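For reference, the structure discussed in these notes is given below.
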Number of protein chains: 2
Amino acid sequence: MSAGTLTAEAILAATEEVLRRYGPAKATVVDVARALGVSHGSVYRHFPTKAALRAAVTRRWLERTHEGLAEIAAGDSPAPARLRDWLTALFAAKRRKALDDPELFATYSVLVGEDDGVIAEHVGHLAEQLTRIIAGGIAEGTFAAAEPAVAARAVFDATGRFHNPVYAAEWSAPDIEAAFEAVCSLVIAGLRAPR
Amino acid sequence: MSAGTLTAEAILAATEEVLRRYGPAKATVVDVARALGVSHGSVYRHFPTKAALRAAVTRRWLERTHEGLAEIAAGDSPAPARLRDWLTALFAAKRRKALDDPELFATYSVLVGEDDGVIAEHVGHLAEQLTRIIAGGIAEGTFAAAEPAVAARAVFDATGRFHNPVYAAEWSAPDIEAAFEAVCSLVIAGLRAPR
DNA sequence: CGGATGACAGATTTCAATATTTGTCATTCA
DNA sequence: TGAATGACAAATATTGAAATCTGTCATCCG
């Protein structure tokens with residue numbers, strides 16, 4: 001885990017490892033430095049504060065968790081189907097993370113909660129993708145909405161139970177799939193243009 | 001605050017007072033007993049555990065917070081308007097509680113989180129009211145839904161951002177009203193029977 | 001010179017001793 | 001007799017001293 005000069009990339013990787021091992025409460029900057037075989041002062045050359053380092057790791061994790069969504073949003077299937085696919089993929093990605101490694105998921109849930117800016121930025125990205133799908137639906141005549149961006153945010157809010165980590169404990173309930181289907185259908189029906 | 005014999009009612013009132021003064025972390029059964037001028041053993045004659053006492057107080061608080069909703073649900077205006085009124089009243093009640101006395105609201109948010117049974121029961125009551133509104137809409141031909149109870153739960157889930165206490169911090173944001181309107185309209189449109 | 005270091009002050013966390021709380025129950029009291 | 005008490009064990013919380021951590025910076029090294 002050590003090479004020529006210390007890079008931000010290497011620090012981020014080491015931080016991830018330390019967070020996985022010790023959890024969010026006990027992971028320290030000193031631990032990260034020790035894992036890299038450098039002094040903790042060197043870490044502060046690349047990240048101004050511990051909070052900034054954590055935010056950077058969190059941002060990476062969120063991006064990695066949701067890679068593939070943009071592709072769905074950019075597809076060319078009818079908007080209602082595309083929206084359903086996108087929401088399903090979002091829920092599936094979140095749930096997989098939460099159920100595969102609950103401890104790591106809990107760790108990142110704590111990190112996400114530490115920085116409002118990271119959340120806002122990330123939600124912004126996702127809302128943008130939703131906006132594009134809805135705008136596409138309006139263009140093809142299947143959706144009706146005065147402002148696509150407002151509708152997109154409404155869809156994101158309405159499906160919160162299936163992507164907001166505070167609900168993670170409910171994602172292994174037996175009827176969660178049915179609940180998702182019900183909300184998903186309700187939301188898509190709500191966007192549909194009256195014939 | 002003291003009369004002849006010790007009643008469950010008096011204990012609940014004293015517990016509320018102690019919770020308001022000390023908060024959920026420091027309020028003890030001994031405090032409650034002291035407030036009543038009795039020994040803590042007497043409290044255990046009426047409530048089997050501290051958790052049961054807290055759950056009882058929580059149930060009362062939830063009931064008090066949402067009184068008036070049942071009346072709206074039982075009204076005779078068209079279902080779409082009635083649903084909008086009901087959701088608006090629910091959000092308004094929650095938000096008033098949260099903004100009027102944030103500390104007390106935080107206290108009860110902690111208590112609510114302590115007991116899944118209390119939440120489930122309470123959500124059940126609200127979902128029942130929603131089911132009645134939606135069933136009414138189906139009867140009058142303004143709503144379409146295969147199963148009113150499933151649709152009701154979907155509506156409850158979709159509007160979570162405006163009644164789940166975990167979102168309380170967002171309820172003073174300037175654009176929260178607009179966000180509520182957007183979700184509310186989306187959900188009602190989703191229930192509407194195609195003409 | 002640019003990157004790395006480690007000593008340092010102030011803030012935060014840990015840990016173990018101490019004190020309080022929860023829940024029980026034999027006894028008291030009216 | 002039925003409600004209330006208070007002593008008690010086990011679990012939990014508090015406290016304060018010691019250790020660790022965060023963030024800075026004068027200094028060092030290649």
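Order of the sequence lines fixes the chain letters, A, B, ..., with proteins taken first and strands second; residue numbering starts at 1 for each chain. Just so we're clear, the structure is a prediction, and the values are computed from it rather than from any experiment.
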Spacing between [X] atom [atom1] and [N] atom [atom2], to the nearest angstrom:
X       : N      : atom1 : atom2 : answer
B/Arg45 : D/dT1  : CZ    : P     : 14 Å
A/Ile11 : C/dA4  : CD1   : C1'   : 12 Å
B/Arg34 : C/dT21 : CZ    : P     : 7 Å
B/Leu36 : D/dA3  : CG    : P     : 17 Å
B/Lys50 : C/dT22 : NZ    : P     : 4 Å
A/Asp31 : C/dT14 : CG    : C1'   : 14 Å

Residue met sooner reading DNA chain C from 5', once A/Gly41 and A/Lys26 are mapped to nucleotides |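 Nearer the 5' end of the strand: A/Gly41.
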Quick one: on DNA chain C, does B/Val29 or A/His46 contact a more 5' nucleotide (nearest heavy atom)?
-> A/His46
Would you say C/dA4 has OP1 or OP2 under 4.0 Å from some side-chain N or O of A/Ser39?
->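 For C/dA4, neither OP1 nor OP2 has a side-chain N or O of A/Ser39 closer than 4.0 Å.
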So which nucleotide from [options] ends up closest to the side chain of [X]?
X       : options               : answer
A/Leu6  : D/dT22, C/dA4, D/dA4  : C/dA4
B/Tyr44 : C/dT24, D/dC21, C/dA4 : C/dT24
A/Thr5  : C/dT5, C/dA4, D/dT22  : C/dA4
B/Thr49 : D/dA3, C/dG23, D/dT22 : C/dG23

Got a sec: does the CD of B/Glu71 have more than 12 other heavy atoms crowding it under 6.0 Å?
-> no
Between A/Arg95 and A/Glu177, is the closest basic N to carboxylate O distance under 4.0 Å?
-> yes
Hey, which of B/Trp86, B/Phe180, B/Tyr167 is the one that makes ring pair (Phe, Tyr, Trp, His ring centres under 6.0 Å) with B/Phe91?
-> B/Phe180
Positive for side chain to side chain contact (heavy atoms under 4.5 Å, CB included) with A/Val155, one of A/Leu87, A/Val183, A/Ile133, A/Val150 =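 With A/Val155 as partner, A/Leu87, A/Val183, A/Ile133, A/Val150 yield a single side chain to side chain contact (heavy atoms under 4.5 Å, CB included), made by A/Leu87.
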Base, sugar-phosphate, or nothing for B/Thr28, non-hydrogen atoms under 4.0 angstrom?
->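 Sugar-phosphate contact only.
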If you measure from NE2 on B/His125 to CG on B/Leu69, what distance do you get to the nearest 0.5 Å?
->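 If I round to the nearest 0.5 Å, the distance is 12.5 Å.
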D/dG6 base to B/His40 side chain: any donor-acceptor pair below 3.5 Å?
->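 By the distance-only test, no, there is no pair.
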